[in-house]
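Worksheet: the structure to be examined is printed underneath.
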Amino acid sequence: LPFYAFMFWEDWRQQLFAMRFVRDNLVYNDAIFCLAARMVNTIRDYVRQRSPENAEGLYDAIHIRRRDFQSQFPMTEMSANTILAGIQDD
(Lines give C-alpha, C1' and ligand atoms only; values in the text may rest on other atoms or scores of the structure.)
Protein backbone atom coordinates (compact mmCIF):
# COMPACT_ATOMS: atom_id res chain seq x y z
CA LEU A 1 0.00 0.00 0.00
CA PRO A 2 1.21 3.51 -0.67
CA PHE A 3 2.06 5.73 2.29
CA TYR A 4 -1.01 7.87 1.78
CA ALA A 5 -3.38 4.92 2.25
CA PHE A 6 -3.07 5.47 6.01
CA MET A 7 -3.58 9.23 5.98
CA PHE A 8 -6.62 11.43 5.70
CA TRP A 9 -6.65 14.99 4.47
CA GLU A 10 -9.63 17.19 5.03
CA ASP A 11 -8.78 19.22 1.95
CA TRP A 12 -8.12 17.26 -1.25
CA ARG A 13 -5.60 19.92 -2.29
CA GLN A 14 -3.43 19.09 0.72
CA GLN A 15 -3.52 15.42 -0.25
CA LEU A 16 -2.57 16.23 -3.82
CA PHE A 17 0.30 18.43 -2.63
CA ALA A 18 1.61 15.72 -0.28
CA MET A 19 1.47 12.98 -2.92
CA ARG A 20 3.17 15.16 -5.53
CA PHE A 21 5.79 16.29 -3.03
CA VAL A 22 6.74 12.70 -2.24
CA ARG A 23 6.68 11.71 -5.90
CA ASP A 24 8.87 14.61 -6.99
CA ASN A 25 11.28 14.99 -4.06
CA LEU A 26 11.78 11.71 -2.25
CA VAL A 27 13.84 9.87 -4.83
CA TYR A 28 17.18 8.11 -4.74
CA ASN A 29 20.16 9.89 -6.16
CA ASP A 30 21.60 8.28 -9.33
CA ALA A 31 25.11 8.45 -7.87
CA ILE A 32 23.98 6.32 -4.92
CA PHE A 33 22.43 3.72 -7.23
CA CYS A 34 25.58 3.57 -9.37
CA LEU A 35 27.81 3.18 -6.32
CA ALA A 36 25.55 0.45 -4.93
CA ALA A 37 25.65 -1.42 -8.26
CA ARG A 38 29.45 -1.27 -8.24
CA MET A 39 29.54 -2.61 -4.69
CA VAL A 40 27.20 -5.48 -5.56
CA ASN A 41 29.33 -6.37 -8.57
CA THR A 42 32.47 -6.33 -6.41
CA ILE A 43 30.84 -8.65 -3.88
CA ARG A 44 29.68 -10.99 -6.64
CA ASP A 45 33.20 -11.09 -8.12
CA TYR A 46 34.60 -11.92 -4.68
CA VAL A 47 32.04 -14.70 -4.22
CA ARG A 48 32.90 -16.16 -7.64
CA GLN A 49 36.61 -16.20 -6.75
CA ARG A 50 35.99 -17.96 -3.44
CA SER A 51 33.46 -20.41 -4.87
CA PRO A 52 34.06 -21.12 -8.58
CA GLU A 53 31.00 -23.41 -8.77
CA ASN A 54 28.87 -20.32 -8.01
CA ALA A 55 29.17 -18.91 -11.52
CA GLU A 56 26.44 -16.34 -10.97
CA GLY A 57 28.07 -14.95 -7.84
CA LEU A 58 24.95 -15.39 -5.76
CA TYR A 59 25.18 -14.40 -2.11
CA ASP A 60 22.96 -13.70 0.89
CA ALA A 61 22.87 -10.36 2.64
CA ILE A 62 21.30 -9.28 5.90
CA HIS A 63 20.52 -5.81 7.19
CA ILE A 64 20.75 -5.63 10.97
CA ARG A 65 19.70 -2.56 12.90
CA ARG A 66 21.55 -2.47 16.19
CA ARG A 67 20.55 -0.27 19.12
CA ASP A 68 17.95 1.68 17.13
CA PHE A 69 15.08 0.52 19.31
CA GLN A 70 16.96 -0.44 22.46
CA SER A 71 15.19 2.06 24.70
CA GLN A 72 11.73 1.07 23.43
CA PHE A 73 12.30 -2.69 23.24
CA PRO A 74 15.20 -3.65 25.55
CA MET A 75 14.33 -7.36 25.29
CA THR A 76 15.28 -7.35 21.60
CA GLU A 77 18.97 -6.64 22.18
CA MET A 78 21.18 -9.50 20.96
CA SER A 79 24.89 -9.99 20.70
CA ALA A 80 26.52 -10.45 17.31
CA ASN A 81 27.26 -14.10 18.19
CA THR A 82 23.59 -14.75 18.95
CA ILE A 83 22.54 -13.23 15.64
CA LEU A 84 25.16 -15.23 13.76
CA ALA A 85 24.11 -18.47 15.47
CA GLY A 86 20.51 -17.79 14.52
CA ILE A 87 21.17 -17.39 10.80
CA GLN A 88 23.72 -20.15 10.25
CA ASP A 89 22.68 -23.36 8.53
CA ASP A 90 22.46 -26.44 10.71
Side-chain angles (χ1 to χ4, degrees):
L1 290 172
F3 77 94
Y4 49 82
F6 302 101
M7 299 177 154
F8 174 77
W9 287 270
E10 189 172 330
D11 185 346
W12 63 270
R13 290 172 289 233
Q14 290 175 335
Q15 179 180 3
L16 191 60
F17 173 81
M19 290 189 299
R20 286 180 176 167
F21 181 83
V22 169
R23 180 196 66 197
D24 297 339
N25 296 295
L26 298 181
V27 295
Y28 287 104
N29 184 311
D30 285 341
I32 293 172
F33 263 97
C34 290
L35 179 59
R38 287 175 47 204
M39 293 171 73
V40 167
N41 286 332
T42 301
I43 292 170
R44 293 182 77 181
D45 289 342
Y46 177 77
V47 169
R48 283 188 203 100
Q49 288 175 0
R50 288 198 51 168
S51 181
E53 67 275 2
N54 185 357
E56 294 183 47
L58 301 177
Y59 66 94
D60 296 316
I62 185 168
H63 175 94
I64 300 173
R65 297 182 69 134
R66 306 272 324 262
R67 295 184 176 84
D68 286 355
F69 306 107
Q70 188 175 3
S71 62
Q72 293 174 325
F73 307 102
M75 67 292 223
T76 63
E77 184 176 357
M78 293 185 212
S79 70
N81 289 334
T82 303
I83 294 170
L84 184 59
I87 62 172
Q88 287 181 328
D89 292 333
D90 294 330

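Values below: every heavy atom of this structure, side chains too, minus hydrogens, waters and symmetry copies.
In this structure, Glu10 CD and Arg13 CZ are separated by 11.0 Å, a value rounded to the nearest 0.5 Å. For the atom pair Trp9 CH2 and Leu16 CG, the distance stands at 10.0 Å (nearest 0.5 Å). The CH2 atom of Trp12 sits 10.0 Å away from the CE atom of Met19 when rounded to the nearest 0.5 Å. In this structure, the separation between OG1 on Thr82 and CD on Glu77 is 10.0 Å, given to the nearest 0.5 Å.
Annotation: side chain of Ile83 is in contact with side chain of Ile64 (closest heavy-atom distance under 4.5 Å). A heavy-atom distance below 4.5 Å is not found between the side chains of Tyr46 and Arg44. Asp11 has its side chain out of reach of Gln15: every pair of non-hydrogen atoms, C-beta onward, lies at least 4.5 Å apart.
Looking at Ser51, its side chain never comes within 3.5 Å of a backbone N or O of Arg48 through a donor-acceptor pair.
Within a 6.0 Å radius of OH in Tyr59, more than 12 heavy atoms belonging to other residues, nucleotides or ligands are found. Atom CG of Asn29 sits in a crowded spot, with more than 12 heavy atoms from other residues, nucleotides or ligands closer than 6.0 Å.
A chain of hydrophobic side-chain contacts below 4.5 Å, direct or via other Ile, Leu, Val, Met, Phe, Trp or Tyr residues, connects Val47 to Val40. Linking ILVMFWY side-chain heavy atoms closer than 4.5 Å, directly or via other members, places Ile87 and Met78 in a single hydrophobic cluster.
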